[in-house]
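Written out below as C-alpha cells is the structure these notes cover.
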There are 2 protein chains.
Amino acid sequence: MSVTIKDIAKLAGVSHTTVSRALNDSPLINPETKERIQRIASSLNYTPNFSARSLVLDRSYNLGLFFSTLHSGTTAGFLYEAVKGVNDVIKDRYNLIVRGIDDYKDFHNINRKSFDGLIVMSQSASDQPFIEYATEKEIPLIVLNRQVDGVQVMNLVPDDKSGAYRVVEYLIRQGHRRIAILEGKPGFKSTQARREGYDEALRDYGVQIPGGYSVPGEYDLESGYAGMNRLLEHPVRPTAVFCSNDDMALGAVKAITQRRLKVPEDISVVGFDDLLFSGFMTPALTTVRRPIEAMSREGAIRLLAFIEKKQVEKDTVYFHTELVIRESVTTIQEANDQ
Amino acid sequence: MSVTIKDIAKLAGVSHTTVSRALNDSPLINPETKERIQRIASSLNYTPNFSARSLVLDRSYNLGLFFSTLHSGTTAGFLYEAVKGVNDVIKDRYNLIVRGIDDYKDFHNINRKSFDGLIVMSQSASDQPFIEYATEKEIPLIVLNRQVDGVQVMNLVPDDKSGAYRVVEYLIRQGHRRIAILEGKPGFKSTQARREGYDEALRDYGVQIPGGYSVPGEYDLESGYAGMNRLLEHPVRPTAVFCSNDDMALGAVKAITQRRLKVPEDISVVGFDDLLFSGFMTPALTTVRRPIEAMSREGAIRLLAFIEKKQVEKDTVYFHTELVIRESVTTIQEANDQ
DNA sequence: TAGTACATTGTTAACGTGTGCACCCTATGA
DNA sequence: TCATAGGGTGCACACGTTAACAATGTACTA
C-alpha cells in the first residue's frame, strides 16, 4: 500500500536499518549514501508511519489542551487565544488535541502512551480530580489560568487579584465611592481572586459600601444583564460597577441603557479580560487585560522543555495583568478627599 | 512499565491472543473466561496501547479539524462553535486535532496513517490545495462552510447568499433605498456570496444605489470601523449599511456613534453571523444566524459514517440561515412605493 | 606483516496488538 | 468404536520502526 523504509531499502540496495538512520540524519551513515537514500525517499513520497514510531519510541506526539468545560463559562475568545498560543509554539512537531474535561466519564484513555503532555486550562476546582489523576499517572502536565492547591505542578496564572485591585482603585481615584460588584461563576478561583482584589482596594482606601452591592453571576451575558437589573433596583444606586468579566459587563451595559440611563454618565462600568470586542463597544470598555495567549505560549514552551529535557521547576508563575483605560468610566467631583 | 495484554495473559493462565479477543468482546471466547479476563484487566487498570493497535489496524483514531487560518479572518466564536459541535459528536472515540492550514509549510505529515479523517472549516479558496491534496491521498474528508469547486467532496455550507438577500430585503421593506455594503475579506467565498445576495435583492426590488456604496473590508473590527468612516464621508450618506459580518458591524457602530450619530435613528446597521455578543450590543444587532455548530455536528456525523461504513454521498448540502430581527434597523417613511 | 582503530553497514530483536490457521477436546451420530 | 462437527484456545506471524550488537572493510601503526 504505502511506502515503507523497506521499500526504500530495496531500491537503494541497503538494509532498512541504514534507511532509518539516513532519514533520521544519523552521523553513522556515509554522507553520500545518506543523500542518495533521502533522494529516493522523497521521490517515492515517503512519509513515516507515526504509529510504528510511537510504538517503539514510546512517544505519541500528542499534546492535550484540556478546558474545564467547553459548554459554559468558557468564552469563545478564551478558547481561541489558547489554541492559537499553543499551536504557534508546537508547529507541526506535535498534534494538539482540544477537549473539555467534563466530556469524559472516566479518564481511562488519558495516559502516558496517548499523550506526551497535557496543558490544562483550568477555570474551576472541578478539574482538580483530573489534575491529580494526571499527576499520579506521571503525565507531563502544566496548569494554566488557575492556581492549583494540594498538588505540585507547573502552574502559570494571571494575577487576577492585583488586576481587580487596580481597576477598582482606578474607580476610587476617579471619585467613585458607591462601587458594586457583579461576581463570576461560583466556585471558580478567578471569581474569588477578583472579589478579593475588589475587597482589598475598598479596604485600603477606606471605602464603605452599602449592603446588597455584591451580586452573584455566571460569567455570561445573561447573568450580567440580570445582575445589573438587580443593582438598578437598589435604593442607593451605585455610581460604578465592577463586572467580573467583559461578557458580564456587556450584559450590564445592556440593562443600563434599556432603562434609558447612560454609560458612563449615569453609571460607570468596568470589566475584566479585555476581549476582542471590548474596545469596540459603545462606550469602549475600561477593563483588565489577561494575557491568555502569552500564557498559553509560555505554557507550551515549558511543557515541551519538560518533555524533552526533563529539567523544569514545578512552581507557580504569575503573569501581569494590564489596566486598559477606555471610555466607560466617568469622573465624579462630589464630596471626596481630593 | 505499564500493563499489557501479556501481563494479563500470565495472570489468567491463557495466551495473549485469548486476552485480546476477550477484551474486544469476541464471540469466539467462552463467556466465563471472557468475564474473568475482563475482571483481571480492570483490576490491573489496563489501558490498551493505541500506537500498537493503530499500527496493526491501520487506524489512528485521530480526526483533524482544520481552519483556513487561525490568525486572521477566523473569529473566536467560529472556532468555539466548531470545536464544540465536533467534540460533542465524537466523544472520546476519536482525538480531535485543531490546526490552521496556513501553519503548514508542506502537507507531508498529513496522511491516512495519521488521520482517519479530516474536517476542513474552509473560509477561502486559499485552502484549495489542501483539499485537493487530501482528496488525492484518499483521506476521508468533509468540507464545511465554503462550497468547493473542482473536486468532488462532501460539502456542507450555509446558504450565505439567501441569508444576505433576506436581510437586505428586510432593509428595503423597512423603506431603505440608500443601502451600502461593507464587504468581507477578499477572496473568501462567503464574501462573494453575501455580496451576491445583496446585489440580487437590490436588483429584484429595483433599488439603484450611488457609486461608492461598496467598501472592501477584512471581516474584522478595525476594517468595519475604517470602512464605515469612509461611508460617512460619502456625499450622499446611506440610510442603512449591510456589514458582511457582525465583527465589522460592531466596528461600524463604533464609527457612527463616535461622530455623534445614532444607530438606528440616523443610520441602520445589519450584520451577519449572529455572534454571542450581537444580541447584547447597544443597540442589539439585527443579523443573520449561521448554523456553525449544527453544521459542525452534522459534518462530524457524516465523516464518521463515511469512515466506518464507507457509504455516504459526496454532495453539497445547504444549511438554512435565519434572519434575526433586533433593534439596529429603523423604518423610513419617505418617498417610497408603499 | 600483523595488529588495531575506526568508519560504515547489516543482523536481529523488540515495541504491543490483532488474526489466520492449526490444534485439542467433547459431544453427537452411525 | 470411530468419524465428524464445532466450540474454545494457542502458535506464529504481521504491522513499520528503532537500536544494541555483530560484522565487514580500510587505513594506520608498531
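Numbers restart at 1 for each chain; the letters A, B, ... are given by sequence-line order, proteins then strands.
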Exercise. Identify whether any heavy atom of A/F50 sits under 4.0 Å from a base atom; if not, whether one sits that close to sugar-phosphate; answer base, sugar-phosphate or nothing.
Key: nothing
Practice problem: Would you please name every residue forming a side chain to side chain contact (heavy atoms under 4.5 Å, CB included) with B/S15, sequence neighbours left out? | Solution: B/T17, B/T18
Quiz item: Can you check the B/N49 CG to C/dC15 P distance for me, whole Å?
Solution: 11 Å
Quiz item: So which of residues 19-33 of chain B are in contact with DNA chain C, with a heavy-atom cut-off of under 4.0 Å?
Solution: B/S20, B/R21, B/N24
Self-check item: Minimum heavy-atom distance B/V153-B/V143, with the two atoms named
Solution: CG2-CG2, 4.1 Å
Exercise. Show the numbers, then the answer: is there a salt bridge (charged side-chain N to carboxylate O under 4.0 Å, His left out) between B/D103 and A/K91?
Key: CA-CA 7 Å; B/D103 284 349; A/K91 310 271 180 196; over 6 Å; no
Exercise. Write down the atom of B/G117, the atom of B/I139, and the distance for their closest heavy-atom approach.
Key: CA-CG2, 4.4 Å
Quiz prompt | Where A/L70 and A/G100 come nearest, the two heavy atoms and their spacing | solution = CD1-N, 3.8 Å
Self-check item: Closest non-hydrogen atom pair, A/N87 against B/V98
Solution: ND2-O, 3.1 Å
Practice problem: For A/K6, enumerate each residue passing the side chain to side chain contact (heavy atoms under 4.5 Å, CB included) test, keeping only those at least two apart in sequence or located in another chain. | Solution: A/T4, A/H16
Quiz item: Any idea which heavy atoms bring A/L55 and B/S51 closest together, and the distance?
Solution: N-CB, 3.8 Å
Practice problem: Using chain B heavy atoms and a threshold of under 4.0 Å, write down where along DNA chain D the contacts begin and end, 5' to 3'. | Solution: D/dG8 to D/dG16
Quiz item: Over how many whole Å does the gap from B/L57 atom CG to C/dG18 atom P extend?
Solution: 6 Å
Exercise. Measure the shortest side-chain to side-chain distance between A/V14 and A/V19 over non-hydrogen atoms and say whether it is less than 4.5 angstrom.
Key: yes
Quiz item: Do A/F130 and A/L118 have side-chain heavy atoms sitting under 4.5 Å apart?
Solution: yes
Quiz prompt | Axis bend over the full length of the helix from C/dT1-D/dA30 to C/dA30-D/dT1, computed from five pairs that close each end, to 10 degrees | solution = 70°
Quiz item: Please, which pairs that meet ring pair (Phe, Tyr, Trp, His ring centres under 6.0 Å) have at least one residue in residues 17-57 of chain B, sequence neighbours excluded?
Solution: B/F50-B/Y61
Quiz item: Near DNA chain C, under 4.0 Å by heavy atom, which residues of residues 35-43 of chain B?
Solution: none
Self-check item: Strand-adjacent residues in residues 5-18 of chain A, judged by heavy atoms under 4.0 Å from DNA chain D
Solution: A/I5, A/K6, A/H16, A/T17
Exercise. Would you please name every residue forming a side chain to side chain contact (heavy atoms under 4.5 Å, CB included) with B/K34, sequence neighbours left out?
Key: B/A22, B/D25, B/I29, B/Q38
Quiz prompt | Partner set under salt bridge (Lys or Arg N to Asp or Glu O under 4.0 Å) for B/D88, not counting sequence neighbours | solution = B/R297
Quiz item: Which part of the nucleic acid, if any, lies within contact of B/L55, taking any heavy atom under 4.0 Å across all strands shown: a base, the sugar-phosphate backbone alone, or nothing?
Solution: base
Quiz item: Of all residues at least two apart in sequence or in a different chain, which pass the ring pair (Phe, Tyr, Trp, His ring centres under 6.0 Å) check with B/F115?
Solution: B/F66
Practice problem: Would you list the pairs meeting ring pair (Phe, Tyr, Trp, His ring centres under 6.0 Å) in which at least one residue belongs to residues 131-151 of chain A, sequence neighbours left out? | Solution: A/F107-A/Y133
